[in-house]
Every structure is written in structure tokens, then in C-alpha cells.
Amino acid sequence: MCGRSSLTKNEKELEERFNATFYSDELESYNPIPNFNVAPTHYMPVITSSDPEHIHIFRWGLLPFWSKDEKIAYKMINARVETILEKNSFKKAVQSRRCLVPMDGFYEWKRSGKEKLPYRIVTTDQEIFSVAGIWERWKSPEGKEIYTFSVITKPPNEIMEGIHDRMPAILLPEQEKLWLDEELPAQEAIQLITDYPANNMKAYRVSKRVNSVKENDKTLIEAIPENNNTLF
DNA sequence: CCAGACGTTGTT
DNA sequence: GTCTGG
DNA sequence: CCAGACGTTGTT
DNA sequence: GTCTGG
């Protein structure tokens, strides 16, 4: 799960939400704004434990610092909270390189028979919410430096159960500071990940146009009727 | 000791 | 089926 | 996550 | 880098 999201708020709204500022030179890589169809490999805003006063722009898809193969990032877009402490690729990062991944919605595909239909899920009590993530600095053999991140996933809460069996680890606002606290041991940090209250979330069908990463406009986040399978 | 993997999702 | 790209 | 490619030789 | 398997 969690291979597609949205972040349709502008830079100013993000700065106010996280009480942090962008570096102007990094902003150039953040594109498009707003993004109605965030996909793996996109450069997106994150707030890191090492520099929480600023919003950095990192690439979605974790590259472990020891990796020689850049392609492994395609398989590292998610990290399971249940096993993150045990995995070579994640254990170091969850100890000292945690981050917040801002979203204003995420997409999940619900399987019904042969068909997979996309849903958008949002929080109703927060305009922008944070998903728990981890990040890495990677250097290619040629010396190219890339900063990447992975989104942590967890079992579904009440509202997600009918749609999919995984969901992103949405943090309660009051847990965000702790998640970024490097003094907090990883074992305790992952306990901050709990069920987001289902009555503060809502899910609705969206057009299948979201399937294609080439599509990116405001109509992607519009609701379509549940019983309409053919027109979109 | 060295070599080789290091991941998730979904589907079977 | 499996990998790569977005 | 989904979509789209997946190959070589030789010629322009 | 670090763990697992042989």
C-alpha cells in the first residue's frame, strides 16, 4: 500500500502548517505544485529529525546508503511498521533519520472482482496530515548525492478495512514532534504509530484516470458516484 | 570464513 | 511474468 | 501504486 | 553497513 498520494497545498500553507521554511534552492526540484497525483520517484517535501526548522525536498523511494544499485529504490517506497526494526534496509534510518511526510490525501485501490477501483482517503480534522517516514542520504559511485525517503505502512483502521489491507502510518498532530525527536529510541518511536481515529477520516471513489501518473489535475480528487463503474 | 541479500504489495 | 519509470 | 516495456542487427 | 546461509 501507499504508493500514491496528493499534496495540493502551496508552499506558504506548508510552511505555516509545520512552522518550518523551505530552502529556495531546493524548491526548484519540487514539481509540480500542487500535486494531485504524487507517485514514487517524485521529489516531495519532508520534515526531517535533523533539521525540523526547514522543509526539505526528497525523492520518494528509499536508497539505503550502502546500496550500489539505484534501482532498489523502486522496491523501497514503503516500510512495514511491524518489521522495520529488523530489516537491514531500514533499522538504521528508523533510529536516527525519521521524517514527516506531508499529504492532504492518499489513494488506495479497492479490488472488487477483476476490477481495481481507486479511492481517495483524507482526514477531516486536518487540512494537511503527516505520515511517519524515514530518510537516507545516498551517494552514487560517480559521486552524485540523492536524498530519499520511505513511507511507513500499518494494518488498516476501521475506515480502511473495506478498501485495503494496508494504510500509511498517519501521525496524530501531537505525536509529530516526538517522531522527530532523535533522543527517542526507535522502539519507542514506532509505538507512536497507532490507529488514526476513523471518524476523523473519510474515503470516496475517484476517477480511474488517477491510475496513470501522467494525469495531474484538480479533477483527480473529485468524488464520483459509487455505482458508476463505466463512465470514468 | 566468504557470498549474497538487503523490500513491499499482491496473488497463488 | 518481471522489471523499469513516473 | 499503476502503466508500459520486454530485443538485436544493421542502416540512416 | 550488517545479517544470514553455507
Side-chain angles (χ1 to χ4, degrees), chain A residues 1-7 29-44 57-97 101 103-122 131-141 144 146 148-156 160-170 186 190 193 203-217 220-221 229 232:
Chain A
M1 133 66 220
C2 210
R4 220 66 82 77
S5 64
S6 64
L7 186 58
S29 60
Y30 177 22
N31 209 357
I33 310 168
N35 196 334
F36 299 92
N37 200 352
V38 179
T41 71
H42 285 185
Y43 282 82
M44 295 299 294
I57 311 290
F58 289 0
R59 195 177 77 180
W60 187 4
L62 196 83
L63 273 171
F65 63 95
W66 41 260
S67 179
K68 290 184 185 69
D69 183 9
E70 202 175 331
K71 288 173 190 124
I72 195 162
Y74 292 112
K75 302 172 180 176
M76 301 283 190
I77 64 171
N78 292 147
R80 295 172 69 93
V81 67
E82 298 96 320
T83 53
I84 196 169
L85 293 175
E86 303 157 16
K87 302 294 183 182
N88 282 340
S89 303
F90 303 140
K91 53 178 19 165
K92 276 278 177 56
V94 75
Q95 184 57 252
S96 53
R97 288 183 297 278
V101 183
M103 299 181 189
D104 67 358
F106 61 92
Y107 298 102
E108 294 288 354
W109 280 258
K110 175 178 177 173
R111 177 170 294 277
S112 68
K114 273 184 207 163
E115 268 225 305
K116 288 180 87 171
L117 300 174
Y119 284 71
R120 182 167 186 256
I121 299 94
V122 298
V131 173
I134 52 179
W135 63 276
E136 285 276 5
R137 187 182 77 146
W138 184 80
K139 248 180 142 174
S140 75
K144 182 173 58 166
I146 303 180
T148 61
F149 68 93
S150 186
V151 167
I152 298 177
T153 66
K154 63 180 288 300
M160 291 304 302
E161 268 169 356
I163 300 173
H164 198 67
D165 61 354
R166 303 294 295 171
M167 68 179 286
I170 307 173
I190 63 166
I193 294 169
Y204 59 90
R205 274 266 322 270
V206 293
S207 166
K208 282 174 80 169
R209 288 191 302 110
V210 77
N211 288 14
S212 173
V213 294
K214 293 177 201 141
E215 300 279 352
N216 205 316
D217 63 78
L220 293 182
I221 65 172
N229 291 352
F232 294 90

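In this model, the phosphate group of B:dT8 is approached by a side-chain N or O of A:Thr83 to a distance below 4.0 Å at OP1 or OP2.
Taking the P atom of each, E:dG1 and B:dT8 are spaced 22 Å apart, rounded to whole Å. The P atoms of B:dT9 and D:dC2 are separated by 12 Å, rounded to the nearest whole Å. Comparing the C1' positions of C:dG6 and B:dA3 gives a spacing of 34 Å, expressed to the nearest Å. When the P atom is used for both B:dA5 and C:dT4, the distance is 15 Å, rounded to whole Å. C:dG5 sits 27 Å from B:dG4 when the C1' atoms are compared, rounded to a whole Å.
Taking 4.0 Å as the cut-off between side-chain N and carboxylate O, A:Glu82 and A:Arg166 count as a salt-bridged pair. Comment: A:Glu215 does not engage A:Lys208 in a salt bridge, judged by the lack of any side-chain N to carboxylate O separation of less than 4.0 angstrom.
Taking CD1 of A:Ile134 as the reference point, atom CD1 of A:Ile152 lies at 5.5 Å (rounded to 0.5 Å). Expressed to the nearest 0.5 Å, how far CD1 of A:Ile146 lies from CD of A:Glu136 amounts to 12.5 Å. The CZ atom of A:Phe106 sits 4.5 Å away from atom CE of A:Met167, with the distance rounded to the nearest 0.5 Å.
Residues A:Arg120 and A:Ser6 have side chains that bring a donor and an acceptor to within less than 3.5 angstrom of each other. There is no side-chain donor-acceptor pair under 3.5 Å between A:Trp66 and A:Asn88.
Remark: the backbone N or O of A:Ala73 is not paired with any side-chain donor or acceptor of A:Arg59 at under 3.5 angstrom. At least one donor-acceptor pair closer than 3.5 Å links the side chain of A:Arg4 to the backbone N or O of A:Asn211. Between the side chain of A:Tyr204 and the main chain of A:Ile221, a donor-acceptor pair closer than 3.5 Å is present. With hydrogens and angles ignored, the 3.5 Å screen pairs no side-chain donor or acceptor of A:Asn37 with any backbone N or O of A:Asn216.
Sequence order on DNA chain C of the closest nucleotides to A:Lys75 and A:Thr41 puts A:Lys75 first from the 5' end.
Rounded to a whole Å, the CD1 atom of A:Ile72 is 15 Å from the C1' atom of B:dT9. Here D:dC1 presents its C1' atom at 14 Å from CG of A:Leu220, a figure rounded to the nearest Å. The nearest whole Å value for the distance from the CZ atom in A:Arg166 to the P atom in D:dC1 is 11 Å. The separation between A:Met103 atom CE and D:dC1 atom P is 14 Å, rounded to whole Å. Rounded to an integer number of Å, the gap from A:Met76 CE to B:dT9 P is 13 Å. A straight line from CG of A:Asn35 to C1' of D:dC1 spans 14 Å, rounded to a whole angstrom.
Using the six-membered ring where Trp is involved, A:Phe58 and A:Trp135 have ring planes that are tilted, between 30° and 60° apart.
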All N/O contacts under 3.5 Å from nucleotides 3-7 of chain D to the protein, with atom names and distances to one decimal?
residue, atom, partner, partner atom, Å
D:dA3, OP1, A:Asn211, ND2, 3.3

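Within 4.0 Å (heavy atoms only), A:Pro64 reaches no atom of the nucleic acid at all. A:Ser5 comes within contact range of no nucleotide atom at all, as no heavy-atom separation falls under 4.0 Å.
Boundaries of the chain A contact region on DNA chain C are C:dT4 to C:dG6, first to last in 5' to 3' order (nucleotide atom under 4.0 Å from a heavy atom).
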Give DNA chain D the dot-bracket treatment, 5' to 3': Watson-Crick (N1-N3 with N6-O4 or O6-N4) or G-U (N1-O2, O6-N3) under 3.5 Å, [ ] crossing, | other strand. ||||||......

